[in-house]
Amino acid sequence: MTITQALDLDQPSRTLVRFAVAAALLLLPTLAAAAEPPPAATVTSDHPLAGRIWDPKTQRTISPDVLVERALAGGIVILGETHDNPDHHALQAWMVRRIAAAGRRPVTAWEMVETDHQGVLDANRNDMPGLGAALEWEKRGWPDWSLYRPIAEATMAAGGSLVAANLPGEVTRQIARSRESTETAARFGLDDPLSPQDATAMADEIRESHCNMLPATAIPAMVRVQRARDASMAEVVAEHATRPEVGPVILITGSGHARFDRGVPARLRALVPGVRTFSLAFMEVEPEDREATAAAAARFGAGLPPFDAIWFTGKAEREDQCAQLEKHLKAKK
């Protein structure tokens with residue numbers, strides 16, 4: 001199956017059951033748990049945008065309750081983060097709790113866990129404190145497991161499940177070197193060329209996010225890996241989104257993967273066209289941001305930002321990332 005093929009839903013009864021369940025759930029008092037407000041920010045910020053939730057389509061601020069209601073209307077919810085911002089993870093956990101409080105049993109899929117580590121997730125599903133160590137979370141470069149643990153705990157407390165969604169490391173290396181099989185290329189859509197506009201945009205984003213320090217020859221490989229990771233996550237999410245007995249599927253991922261123009265949602269439209277996807281990006285404010293429309297335009301250009309909603313937050317303190325990258329590249333040489 002290529003990434004452009006819809007899932008084989010040739011079981012009419014299964015499809016009918018899913019729609020029946022979805023219709024019934026929509027009749028539930030979905031905001032019954034509205035008593036839990038969003039957690040207080042730990043990243044201090046007096047910026048006027050911090051804490052605001054913005055709807056790009058209407059260009060208006062919406063309330064947390066309205067945000068949850070819109071998320072509950074979908075079968076897939078994508079929560080796009082900045083990986084090292086603790087407030088983003090606290091808000092993700094809050095979203096999972098609110099979805100669970102509406103009577104749902106979420107399936108939480110993780111960019112941070114490769115699909116060949118699903119067995120580790122399953123074996124340690126009852127040991128939330130030890131799950132991070134079992135997955136070698138920090139060793140593989142992710143921020144402290146304690147930031148992500150509340151998301152997993154909220155999922156399991158609701159009777160949900162945790163699923164790995166990212167490419168296995170060996171497949172990633174093969175794709176980076178253009179040594180993947182024909183079947184792998186087709187499966188992850190790498191045999192379908194990007195439009196010139198998307199190819200340029202993805203290359204520019206990768207170049208800028210790496211402080212313009214990467215050699216030009218490295219960029220095409222990183223674009224291929226980014227596309228394949230989007231495709232892998234979409235494949236996993238789509239598989240679980242067609243199970244009527246669970247849901248919604250919640251994807252925890254970086255905000256770049258949450259874009260509905262060319263990220264995971266774009267691939268989901270081909271795989272499960274009948275399942276609605278809601279994409280929320282948590283976005284750090286910059287000092288020069290003054291209002292939401294201009295802040296979004298500064299990051300995404302003219303037109304609508306590629307998310308269903310944007311939650312502005314304070315900007316986490318961090319070391320100079322460009323200095324760190326420069327040090328890392330010198331060490332590699």
Side-chain angles (χ1 to χ4, degrees), residues 2-4 80-85 111-112 114-115 139-143 165-235 253-267 270 281 283-284 286 288 295-303 305-307 315-316 318-333:
T2 70
I3 201 64
T4 57
E81 64 184 44
T82 297
H83 297 310
D84 64 349
N85 189 311
E111 175 197 351
M112 301 79 196
E114 292 87 354
T115 53
K139 287 184 181 179
R140 292 185 295 110
W142 298 109
N166 210 341
L167 281 177
E170 180 56 33
V171 178
T172 299
R173 287 186 286 273
Q174 291 173 2
I175 291 171
R177 297 165 184 165
S178 296
R179 295 177 180 173
E180 77 279 357
S181 67
T182 302
E183 293 77 12
T184 296
R187 175 182 176 183
F188 296 125
L190 301 177
D191 56 349
D192 184 14
L194 284 171
S195 69
Q197 180 180 359
D198 284 348
T200 298
M202 291 185 71
D204 288 345
E205 287 171 9
I206 289 172
R207 191 179 296 108
E208 291 169 10
S209 66
H210 290 79
C211 308
N212 296 305
M213 294 181 184
L214 295 177
T217 54
I219 303 298
M222 296 183 75
V223 170
R224 285 170 55 79
V225 169
Q226 173 94 351
R227 295 182 65 197
R229 285 176 172 160
D230 284 340
S232 175
M233 287 186 273
E235 184 179 89
T253 188
S255 59
H257 294 292
R259 299 176 61 121
F260 59 56
D261 54 350
R262 58 176 180 268
V264 175
R267 288 159 172 79
M283 184 182 298
E284 294 183 327
E286 297 289 349
E288 61 270 21
R299 293 162 176 79
F300 307 109
F307 307 101
K315 186 172 183 177
R318 53 181 65 94
E319 294 182 34
D320 186 329
Q321 293 175 306
C322 292
Q324 287 182 304
L325 178 60
E326 184 177 17
K327 182 178 179 180
H328 173 71
L329 292 175
K330 286 182 178 178
K332 287 186 69 175
K333 289 182 180 179

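Predicted model only: the values in this text are computed from it and were never measured.
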Q: For residues Leu214 and Met222, determine if any side-chain heavy atom of one lies less than 4.5 Å from a side-chain heavy atom of the other.
A: yes
ask   = Quick one: are Val171 and Thr184 in side-chain contact, heavy atoms under 4.5 Å?
value = yes
Minimal heavy-atom distance between Ala165 and Thr115, with the atoms involved, is C-CG2, 3.8 Å
Looking at side-chain heavy atoms only, is the closest gap between Ser255 and Met283 below 4.5 Å?
no
Rounded to the nearest 0.5 Å, the CG atom of Leu190 sits from the OG1 atom of Thr182 at a distance of 11.5 Å
Crowded around Glu170 CD? As in, over 12 foreign heavy atoms under 6.0 Å?
-> yes
One should read off an interatomic distance between Thr200 OG1 and Leu194 CG, to the nearest 0.5 angstrom, of 9.5 Å
Rounded to the nearest 0.5 angstrom, the CG-CD distance for Asp84 and Glu284 is 6.5 Å
For Leu167 and Val225, the nearest pair of non-hydrogen atoms, with its separation, is CD1-O, 4.5 Å
Heavy-atom nearest pair, Trp142 first then Glu111, reads CH2-OE2, 3.8 Å
Looking only at heavy atoms, the pair that brings Arg259 and Pro265 closest together is O-CD, 3.1 Å
CG (Asn212) and CD1 (Ile206) are apart, to the nearest 0.5 Å, by 12.5 Å
Check your understanding: Does some side-chain heavy atom of Pro305 sit less than 4.5 Å from a side-chain heavy atom of Arg299?
Key -> no
Would a 4.5 Å heavy-atom cut-off, applied to side chains only, mark Ile219 and Met202 as touching? no
On a heavy-atom basis, the closest approach of Arg318 and Thr82 is NH2-CG2, 3.7 Å
Between Ala234 and Arg267, the two heavy atoms sitting closest are CB-CB, 3.7 Å
- Query: Less than 4.5 Å apart, any side-chain heavy atom of Arg227 and any of Phe188?
  - Reply: no
Should the pair Arg207-Asp204 be classified as a salt bridge under the 4.0 Å nitrogen-to-oxygen rule? yes
Exercise. Would you indicate whether Glu288, at its atom CD, is surrounded by more than 12 heavy atoms from other residues, nucleotides or ligands within a distance under 6.0 Å?
Key: yes
To the nearest 0.5 Å, atom CZ of Arg229 lies from atom CD of Glu114 at 8.0 Å
